[in-house]
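Data first, discussion second: the structure below is written as structure tokens.
For the single chain, residues carry numbers from 1 onward in sequence order. Each ligand, and each atom within it, is numbered from 1 in the order the structure gives. As the structure is a computational prediction, the values presented were derived from the model and not from experiment.
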Amino acid sequence: MEIGFKNHRQNTAVPELDRQRIPHHVAIIMDGNGRWAQKRHLPRIAGHKRGMEVVKEITKAASHLGIKVLTLYAFSTENWKRPDAEVNYLMDLPVKFFSTFVPELIENNVRVNVMGYTDQLPVSTQQAVNDAIAQTAHCTGMVLNFALNYGGRAEIVTGVQQIAREVQAGKVTPDAITEETLSAHLMTASLAPDTDPDVLIRTSGEERISNFLLWQLAYSELVFTDVYWPDYTSEELVQNIVAFQQRHRRFGGLDDGKDEK
Ligand code: V07
């Protein structure tokens, strides 16, 4: 085990980041924007605005760490239930985000991808997203993958519908359907070979999946932090990756049993 620097308060060793074992795919549920704002007697929108600036910082940090795919849960299919003013503001964030950040994405060789039911978004939002995808299409570094109007169960239903149509057309037999078949019909298929997150991070203290990447998270390590998303930093990201590196992934199997209790 890599023992790094000593903790200043106590003389206990704290583990350091292993740069040889950076997770390929990191997914984040960016929670706590509303609570961050409430605590400061600010409107919820102020939390979202600050949260968008944090997205920019974390994107750059993740790219510098050598992460291959950063998936961010920006808007769920349930978020339409929020007040109209808040939904309208949220729908304008991708526009704001890209109007200021595309040059930096290109400088950092970051390619934008979006997954979700984007056809239901305002046309101006779709336009901003499509422009950013087009303008970064040549970038070969990290993929910044936004989940926008995304829901995990709906994604699986859509994938199953596509497969059923292929069966109906006589292109596949039911027995030939495997886990790989469904994987290939999910919205993460274009991220292959990194379709499944190695680690899911959720901020703001809630310990739930909330209909995010249900299929893809089957073997992911789950890391929860109490920090509200607008207070999240690159140092916290490194800490959360260290926590991931301390875990012992077995993908359901057993290893040599040394760590079995
Ligand atoms: C949103 C800021 C981050 C905290 C979570 C909620 C508020 C960036 C985007 C975005 C999405 C797609 C895209 C480019 C940028 C975004 C929404 C909310 C809806 F292609 N931040 N952010 N989208 N928040």
- State the CD-CD1 distance between E207 and I29, to the nearest 0.5 angstrom. 11.5 Å
- Note on the structure: ligand 1 atoms nearer than 4.0 angstrom to some heavy atom of A74 are 6 (C), 16 (C), 17 (C), 18 (C), 19 (C), 23 (N)
- Task: Compute the centroid of each ring, for Y117 and then for F75, and state whether the two points are separated by less than 6.0 Å.
- Result: no
- Task: Could you pull out, from F146, W229, F101, F98, the option with a heavy atom nearest to atom 9 (C) of ligand 1?
- Result: F146
- Message: Under 4.0 Å from a heavy atom of V114: which atoms of ligand 1 are those, numbered in the order shown and with their elements?
- Response: 20 (F)
- M52 neighbourhood, listing ligand 1 atoms whose heavy-atom distance to it stays under 4.0 Å: 2 (C), 3 (C)
- Item | Carboxylate-amine/guanidinium contact D194 K68, below 4.0 Å | no
- Task: Show which atoms of ligand 1 fall inside a sub-4.0 Å distance from at least one heavy-atom site of L90.
- Result: 7 (C), 17 (C), 18 (C), 19 (C)
- Task: Identify whether the distance between the nearest side-chain nitrogen and carboxylate oxygen of R35 and E206 falls below 4.0 Å.
- Result: yes
- Can you name the residues that form a side-chain hydrogen bond (donor to acceptor under 3.5 Å, both in side chains) with T233, not counting sequence neighbours? E235
- If you measure from each non-hydrogen atom of L93 to ligand 1, which part falls under 4.0 Å: side chain, backbone, both or neither? side chain
- Please identify which atoms of ligand 1 are closer than 4.0 Å to at least one heavy atom of V129. 20 (F)
- Any heavy atom of N33 under 4.0 Å from ligand 1? The part involved is side chain
- Message: Taking side-chain hydrogen bond (donor to acceptor under 3.5 Å, both in side chains) as the definition, give me every residue that meets it alongside D231, ordered by chain and number, with sequence neighbours left out.
- Response: W36
- With a 4.0 Å cut-off, would you call K56 and E104 a salt bridge? no
- Which atoms of ligand 1 have any heavy atom of G51 under 4.0 Å away? 2 (C), 3 (C)
